[in-house]
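Down below is the structure, laid out as structure tokens.
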Protein chains: 2
Amino acid sequence: MTTKAAAPTLAPDTRTRILDLAEALLLERGFNAFSYQHLAKELGVKPAAIHYHFPSKDDLGTALVTRQLRRLRKWRDLPRVADLPPVEQLEALFAVYDNHLGHDRRVCLFGSLAADFRTLPPLMQAELRTFNRELTEWLAQVLAVGRATASLRFVGSPAAKAAQVLTTLAGALQVARVHDETPFQVIVGQLRLELLA
Amino acid sequence: MTTKAAAPTLAPDTRTRILDLAEALLLERGFNAFSYQHLAKELGVKPAAIHYHFPSKDDLGTALVTRQLRRLRKWRDLPRVADLPPVEQLEALFAVYDNHLGHDRRVCLFGSLAADFRTLPPLMQAELRTFNRELTEWLAQVLAVGRATASLRFVGSPAAKAAQVLTTLAGALQVARVHDETPFQVIVGQLRLELLA
DNA sequence: ACACTTACTTACTAAATAGTAAGTTATTTT
DNA sequence: AAAATAACTTACTATTTAGTAAGTAAGTGT
């Protein structure tokens with residue numbers, strides 16, 4: 001009974017600390033720009049400890065994408081997200097990307113891995129494809145309902161518009177990385193201007 | 001007089017061959033995913049030969065971005081581009097990105113470097129910023145003229161729309177990398193649908 | 001109490017990395 | 001013809017990389 005209670009988020013275990021740090025480095029510097037030594041040094045453990053939890057970097061990378069995919073599904077199905085009207089679901093999505101800016105201008109998972117995609121292990125590639133596909137399908141549904149209820153406005157198919165909007169958001173975080181937050185705000189402002197009826 | 005004539009594009013020198021191969025690898029696998037050894041092996045020279053032309057990888061990376069910036073300026077100022085009506089200038093831009101698909105689905109320079117941006121040498125960062133800024137300014141001008149002459153249609157400022165469109169194009173190549181050409185065509189189709197009056 | 005498992009550390013290996021220094025050879029320049 | 005330069009190769013170094021194997025100490029289950 002005392003397995004997982006009391007303090008909610010105090011002292012995460014090493015496995016989680018590895019994932020959290022690896023995720024931060026992935027989104028801040030890229031997948032091929034950090035090593036087990038970097039992780040180990042910053043976590044105060046030996047590199048072999050990381051190999052214990054994730055035998056190879058491929059395993060670690062795959063675990064990162066898998067965790068993100070789990071998070072997406074959880075977030076999407078959360079009552080406080082799923083039960084929202086389309087406009088607010090869209091704003092909730094914008095808020096997720098906006099939140100990346102505050103975290104040292106991290107790019108999103110997709111934007112971080114797309115360029116190096118061909119150097120990634122096949123399972124990691126597959127998970128990232130699933131992640132992007134499910135997110136796009138979710139947004140397409142949001143857009144479809146939004147237009148049906150006249151709260152959102154756009155031409156073309158919901159699927160095409162969803163692909164376009166998500167691509168723009170991922171790219172906007174990259175532009176923010178290269179310049180500063182301004183272009184991100186400008187681009188999201190443009191999206192709002194066009195979509196909100 | 002016989003320094004540079006006769007055959008126009010036969011037998012490029014080693015320096016150019018290095019740049020061409022490095023560019024291909026950069027756009028296909030990412031900046032941190034190729035080494036001087038890779039380049040040397042494929043070019044049939046020794047790694048030190050590459051160090052001779054580009055002492056450090058930083059120098060090589062910077063040279064790649066600088067060359068691309070020169071190309072942008074040349075392309076933009078070409079009579080057959082500069083003298084086009086806005087709609088066809090926009091289509092010429094689309095054609096550049098579309099051309100990447102045919103080259104093994106290469107991402108664009110910006111999309112390739114954004115994720116790893118913080119691992120890049122400062123001069124390379126600066127050149128990439130300039131590249132993106134000048135391209136955005138060029139497109140903003142195209143859009144402004146297009147709307148003024150009623151051949152293009154959009155809400156908001158030309159600068160904001162230009163930032164949004166370029167970001168979307170860069171992202172669309174990344175999505176094509178992760179999935180296939182289809183989403184790229186879908187996204188560009190959506191852009192055409194919205195922009196062409 | 002004993003065996004077993006978890007979560008590591010210590011100590012190592014083989015390969016790849018960027019980079020350098022000292023030649024070598026062919027071509028220009030003078 | 002001699003000197004200088006360009007474009008390399010050979011041979012090397014120091015560092016970093018992922019990954020492994022064997023050991024250890026603290027719990028956990030029986």
Side-chain angles (χ1 to χ4, degrees), chain A residues 1-6 10-23 25-26 28-65 113 116 118-125, chain B residues 1-6 10-23 25-26 28-65 113 116 118-125:
Chain A
M1 208 189 262
T2 46
T3 40
K4 250 187 187 180
L10 264 181
D13 59 3
T14 303
R15 198 192 130 91
T16 305
R17 294 206 308 142
I18 294 169
L19 281 172
D20 288 347
L21 178 59
E23 183 179 297
L25 289 173
L26 168 64
E28 280 161 27
R29 325 212 0 131
F31 188 65
N32 290 322
F34 70 88
S35 69
Y36 272 37
Q37 293 189 37
H38 290 127
L39 297 173
K41 185 163 271 184
E42 187 138 345
L43 293 174
V45 298
K46 300 300 156 182
I50 316 213
H51 282 287
Y52 170 76
H53 291 285
F54 306 97
S56 76
K57 204 182 170 186
D58 287 4
D59 296 316
L60 173 57
T62 304
L64 282 173
V65 184
L113 293 174
D116 305 325
R118 285 173 185 163
T119 73
L120 306 179
L123 225 133
M124 201 175 162
Q125 296 184 343
Chain B
M1 206 191 263
T2 47
T3 40
K4 251 188 187 181
L10 266 180
D13 59 3
T14 302
R15 197 191 130 93
T16 304
R17 294 205 310 141
I18 294 170
L19 281 172
D20 288 345
L21 178 60
E23 183 179 297
L25 289 172
L26 168 63
E28 280 161 26
R29 329 217 350 136
F31 188 64
N32 290 321
F34 71 89
S35 68
Y36 273 35
Q37 294 189 35
H38 291 128
L39 297 172
K41 184 163 274 187
E42 188 139 344
L43 292 174
V45 298
K46 302 298 157 184
I50 317 217
H51 282 286
Y52 170 75
H53 291 284
F54 306 97
S56 76
K57 205 181 169 186
D58 288 5
D59 296 317
L60 173 56
T62 304
L64 282 172
V65 185
L113 293 174
D116 305 324
R118 286 174 184 161
T119 72
L120 305 179
L123 224 132
M124 202 174 162
Q125 296 184 343

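Computed from a prediction, not measured in an experiment: that's the story for all the values here. Numbered from 1 within each chain, the chains take letters A, B, ... in sequence-line order.
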Self-check item: Side-chain heavy-atom pair B/L120, B/V65 within 4.5 angstrom cut-off
Solution: no

Practice problem: Ignoring backbone atoms, test whether A/Q37 places a side-chain nitrogen or oxygen under 4.0 Å from the OP1 or OP2 oxygen of D/dT17. | Solution: yes

Quiz prompt | Nearest non-hydrogen partners of A/L43 and A/R17, listed with the distance | solution = O-NH2, 3.1 Å

Quiz item: Quick one: A/R17 CZ to C/dA7 C1', roughly how many Å, whole number?
Solution: 13 Å

Quiz item: Between B/S35 and C/dT17, is there a side-chain N or O to OP1/OP2 distance below 4.0 Å?
Solution: yes

Quiz item: For A/F34 and D/dT16, what is the distance between atoms CZ and P respectively, to the nearest whole Å?
Solution: 18 Å

Self-check item: Side-chain touch B/D116/A/D116, heavy atoms, less than 4.5 angstrom
Solution: yes

Exercise. Report the distance from atom CG of B/D13 to atom P of C/dT27, rounded to the nearest whole Å.
Key: 16 Å

Quiz item: Is there a residue in residues 41-59 of chain B whose heavy atoms reach under 4.0 Å of DNA chain D, and which residues are they?
Solution: B/V45, B/K46, B/A48, B/A49, B/Y52, B/H53

Quiz prompt | Separation of D/dT15 P from B/Y36 OH (nearest whole Å) | solution = 20 Å

Quiz prompt | Min side-chain heavy-atom separation A/L113-A/M124 under 4.5 Å | solution = yes

Self-check item: Side chains of B/L60 and B/L39 in contact at under 4.5 Å (non-hydrogen atoms)
Solution: yes

Quiz item: Is the NZ or CZ atom of B/K57 positioned over B/F34's six-membered ring, under 6.0 angstrom from the centre and within 45° of the axis?
Solution: yes

Quiz item: Can you tell me how far C1' of C/dT17 sits from CG of B/N32, to the nearest Å?
Solution: 12 Å

